[in-house]
Protein chains: 2
Amino acid sequence: MKRREELPECPVATTVMLVGSKWKLLIIRNLMVRPWRFNELQRSLGGISQKVLTESLRQLASDGLIYRKDFGTNPPHVAYGLTQLGLHCTHVLKEMADSGDYYKSVKPAS
Amino acid sequence: MKRREELPECPVATTVMLVGSKWKLLIIRNLMVRPWRFNELQRSLGGISQKVLTESLRQLASDGLIYRKDFGTNPPHVAYGLTQLGLHCTHVLKEMADSGDYYKSVKPAS
DNA sequence: CGGGATCCTATTAGATACTG
DNA sequence: CAGTATCTAATAGGATCCCG
């Protein structure tokens with residue numbers, strides 16, 4: 001979690017800091033449904049590299065939006081899911097989906 | 001406006017395309033209140049360069065989220081405001097502000 | 001399976017100077 | 001006032017190889 005002094009005053013800017021990268025919102029979108037495994041996420045996100053996925057997951061976890069559950073088995077089994085905090089972000093996702101649909105529903109002139 | 005073929009299928013990804021950069025959401029946040037002028041925006045956004053502001057405004061306008069009204073006077077007077085489409089995004093902003101506030105309200109452990 | 005480490009490219013953002 | 005134009009710095013993202 002980030003401490004309060006590291007966060008911008010503006011709450012919008014705060015949320016931008018937490019989820020404002022290309023993939024984080026799409027990861028959360030997936031985790032809304034159920035917990036996912038690493039490779040499962042990578043395949044479903046179509047095009048994300050392993051590095052970026054790792055980094056994104058780590059930041060999201062360190063910011064407290066998702067959890068990482070390691071089953072400690074061999075072969076490894078790790079699952080990622082939303083925390084309470086992450087769940088709260090799904091409201092944002094819902095509105096974004098809404099806006100996206102609305103945008104596409106407006107017939108462009110060209 | 002972007003044509004439908006240029007947009008991702010996922011509506012969340014669509015919205016990310018439209019407003020998913022560091023400053024665009026903050027610009028829209030300001031324009032929610034009233035139309036703003038260029039320099040006014042720049043000062044209020046604290047730290048944005050003209051170049052980035054110009055680019056962001058142009059993209060937002062070309063994507064149909066904001067309008068640009070040039071009064072054609074000298075000295076120049078240009079105002080930026082939200083279109084119908086941009087207004088729709090304010091729902092997203094509202095939820096983001098909410099999430100940001102919520103995040104900050106959760107007392108971090110450290 | 002779930003990554004770590006490295007290297008490289010592309011996209012974004014910032015600084016500075018100038019203009020109609 | 002509202003930008004252009006250039007150049008550079010920072011960062012995000014991608015490709016590849018490797019390991020327990």
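For the numbers below, each heavy atom of this structure counts, side chains included, while hydrogens, waters and symmetry mates do not. We name chains A, B, ... by the order of the sequence lines, and we start the count at 1 in each one.
- Following rounding to the nearest Å, A:Glu55 (CD) and D:dT11 (P) show an atom-to-atom distance of 13 Å.
- Between B:Asp63 and B:Lys2 there is a side-chain heavy-atom pair separated by less than 4.5 Å.
- Taking the side chain as every heavy atom from C-beta outward, B:Pro8 and B:Met17 approach each other to under 4.5 Å.
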Contacts under 3.5 angstrom, residues 75-88 of chain B side chains, donor-acceptor by atom type, not counting sequence neighbours:
{"from": "B:Tyr80", "atom 1": "OH", "to": "B:Arg68", "atom 2": "NE", "distance (Å)": "3.3"}
{"from": "B:Thr83", "atom 1": "OG1", "to": "B:Gly64", "atom 2": "O", "distance (Å)": "2.6"}
{"from": "B:Thr83", "atom 1": "OG1", "to": "B:Leu65", "atom 2": "O", "distance (Å)": "3.0"}
{"from": "B:Thr83", "atom 1": "OG1", "to": "B:Leu85", "atom 2": "N", "distance (Å)": "3.3"}
{"from": "B:Thr83", "atom 1": "OG1", "to": "B:Gly86", "atom 2": "N", "distance (Å)": "3.2"}
{"from": "B:His88", "atom 1": "ND1", "to": "A:Ser99", "atom 2": "OG", "distance (Å)": "3.4"}

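- The minimum heavy-atom distance linking A:Leu41 with A:Trp36 is given by the pair CG-CB, 3.6 Å.
- Here the CE-SG distance, from A:Met96 to B:Cys89, works out to 8.5 Å after rounding to the nearest 0.5 Å.
- The salt bridge (Lys or Arg N to Asp or Glu O under 4.0 Å) pairs that include a residue from residues 37-49 of chain B are B:Arg34-B:Glu40, where partners are two or more places apart or lie in different chains.
- In the region residues 10-17 of chain B, proximity to DNA chain C at under 4.0 angstrom, judged on heavy atoms, holds for none of the residues.
- The shortest side-chain heavy-atom distance between A:Glu95 and A:Asp98 falls under the 4.5 Å cut-off.
- Using modelled atom types, one side-chain atom of B:Glu6 and one backbone atom of B:Arg3 make a donor-acceptor pair closer than 3.5 Å.
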Anything under 3.5 Å between a protein N or O and an N or O of nucleotides 14-18 of chain D, put it in a table, one pair a line.
{"from": "D:dG14", "atom 1": "O6", "to": "A:Lys51", "atom 2": "NZ", "distance (Å)": "2.5"}

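- Residue A:Thr90 holds its OG1 atom at 11.5 Å from CG of A:Leu25, rounded to the nearest 0.5 Å.
- Using a 4.0 Å cutoff on non-hydrogen atoms, the parts of residues 57-70 of chain A near DNA chain C are A:Arg58, A:Arg68, ordered by number.
- Where DNA chain C meets chain A (any atom under 4.0 Å from a heavy atom), the bounding nucleotides read 5' to 3' are C:dC1 to C:dC7.
- Remark: A:Lys69 is positioned above the aromatic ring of A:Phe71, its terminal NZ or CZ atom under 6.0 angstrom from the ring centre and at most 45 degrees off the axis.
- Under the 4.0 Å criterion applied to side-chain N and carboxylate O atoms, A:Glu55 and A:Arg58 are not assigned as salt-bridge partners.
- No contact: A:Phe71 has no heavy atom under 4.0 Å from any strand.
- Residue B:Tyr80 places no side-chain N or O under 4.0 Å from the OP1 or OP2 atom of D:dC1.
- Between A:Leu53 atom CG and D:dG13 atom P there is a gap of 12 Å when expressed in whole angstrom units.
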How far apart are the C-alpha atoms of A:Leu60 and A:Lys24, what are their side-chain angles, what is the distance that settles it, and do they pass the side-chain contact (heavy atoms from CB on, under 4.5 Å) test?
CA-CA 8 Å; A:Leu60 286 170; A:Lys24 284 182 182 174; 3.9 Å; yes
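- Each of A:Asn74 and A:Ser56 lies near DNA chain D, and the nucleotide nearest A:Ser56 is the one positioned closer to the 5' end.
- Taking 4.5 Å as the limit, some side-chain heavy atom of B:Phe38 sits within range of a side-chain heavy atom of B:Thr54.
- Atoms CG (A:Leu45) and P (D:dG13) sit 12 Å apart, rounded to a whole Å.
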